[in-house]
Amino acid sequence: GWRGWLRRIDNSGRFSSGYDEAWNTVYGLLGAGARWTAQPDTTVFAEAALRLPVYNQVRYSLTFNEDDDHTTVEPGRDPSWRAEIGVERLRWKASLFIERLVFARSETKVIPPFEVFQPESEGELIGLQFGTEL
């Protein structure tokens, strides 16, 4: 799979500026799932998977002194995981999921007078999904 997101760090004060981080991660999943037919048109399911990163990259768009500097770093490829439980009824699906993302510290790049790196990072996504088949 692939996951990407943009994070804007905005220090919009008079004497400061912000930057953007564009994240990309490509990964494989190794997991298992179970399904139980509760009624002829209703299925309950549970899935869990280990996320094994193949490639991680963060591109920084830095705005120091009115010059746009861009650099990329590659955070480490620590494994993370995801889990989901839910119900499918007729053509509808509802589920609860949790994902844990883990990134090891990247290498350091020098953009004088700064050293840029992605520190060890982790985070969770928790959410509800609702949908239907077309």
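Side chains included, hydrogens not; waters and symmetry mates left out as well; all remaining heavy atoms used. Computed from a prediction, not measured in an experiment: that's the story for all the values here.
- Here OG1 of T108 is found 6.0 Å from CD of E115. Values are rounded to the nearest 0.5 Å.
- Linking ILVMFWY residues whenever their side-chain heavy atoms come closer than 4.5 Å, directly or via other members, places V58 and V116 in the same cluster.
- Qualifying side-chain hydrogen bond (donor to acceptor under 3.5 Å, both in side chains) partners for R7, counting only residues two or more places apart in sequence or in other chains: E21.
- By the ring pair (Phe, Tyr, Trp, His ring centres under 6.0 Å) test, F103 is found to be paired with W23, residues two or more places apart in sequence or in another chain being considered.
- For D20, the salt bridge (charged side-chain N to carboxylate O under 4.0 Å, His left out) test picks out R8, with sequence neighbours left out.
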Please table the atom pairs, donor to acceptor, closer than 3.5 Å between any side-chain atom in residues 88-95 and protein atoms at least two apart or in another chain.
{"from": "E88", "atom 1": "OE1", "to": "R35", "atom 2": "NH2", "distance (Å)": "2.3"}
{"from": "R89", "atom 1": "NH1", "to": "D41", "atom 2": "OD1", "distance (Å)": "3.0"}
{"from": "R89", "atom 1": "NH1", "to": "T42", "atom 2": "OG1", "distance (Å)": "2.7"}
{"from": "R91", "atom 1": "NE", "to": "E133", "atom 2": "O", "distance (Å)": "3.2"}
{"from": "R91", "atom 1": "NH2", "to": "E133", "atom 2": "O", "distance (Å)": "2.5"}
{"from": "R91", "atom 1": "NH2", "to": "L134", "atom 2": "O", "distance (Å)": "3.0"}
{"from": "S95", "atom 1": "OG", "to": "E84", "atom 2": "OE2", "distance (Å)": "2.6"}
{"from": "S95", "atom 1": "OG", "to": "Q129", "atom 2": "NE2", "distance (Å)": "3.2"}

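- Residues V87 and F130 are members of separate hydrophobic clusters, defined by side-chain heavy-atom contacts under 4.5 angstrom among Ile, Leu, Val, Met, Phe, Trp and Tyr.
- For the pair Q118 and Y60, the minimum side-chain heavy-atom distance is below 4.5 Å.
- Atom CG in L96 sits 5.0 Å away from atom CD1 in I85 (nearest 0.5 Å).
- A pairwise comparison of heavy atoms in F97 and L128 identifies CE2-N, 4.0 Å as the closest pair.
- Hydrophobic clustering places W5 together with I9 (ILVMFWY residues linked when any side-chain heavy atoms are closer than 4.5 Å, directly or through intermediates).
- In this structure, E74 has no salt bridge (charged side-chain N to carboxylate O under 4.0 Å, His left out) partners at least two apart in sequence or on a different chain.
- Think of L52 as one node in a network of Ile, Leu, Val, Met, Phe, Trp and Tyr side chains linked at under 4.5 Å; its network also takes in L30, L50.
- A distance of 14.0 Å separates CZ in F45 from CH2 in W36, rounded to the nearest 0.5 Å.
- The minimum heavy-atom distance linking P79 with P53 is given by the pair CA-CD, 4.0 Å.
- Checked by atom type and distance alone, the side chain of K109 pairs as donor or acceptor with a backbone atom of T72 at under 3.5 Å.
- R82 has its side chain within reach of R51: a pair of non-hydrogen atoms, C-beta onward, lies under 4.5 Å apart.
- The cluster map of Ile, Leu, Val, Met, Phe, Trp and Tyr, joined by side-chain heavy atoms under 4.5 Å apart, puts V73 and L101 in the same cluster.
- A cation-pi geometry, defined here as NZ or CZ lying under 6.0 Å from the six-membered ring centre and within 45° of its normal, holds between R105 and F117.
- Taking 4.5 Å as the limit, every side-chain heavy atom of E120 sits out of range of all side-chain heavy atoms of V102.
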Worksheet item: For N24 and R3, what are the C-alpha separation, side-chain angles and deciding distance, and is it a side-chain contact (heavy atoms from CB on, under 4.5 Å)?
Response: CA-CA 6 Å; N24 285 290; R3 185 177 288 276; over 6 Å; no

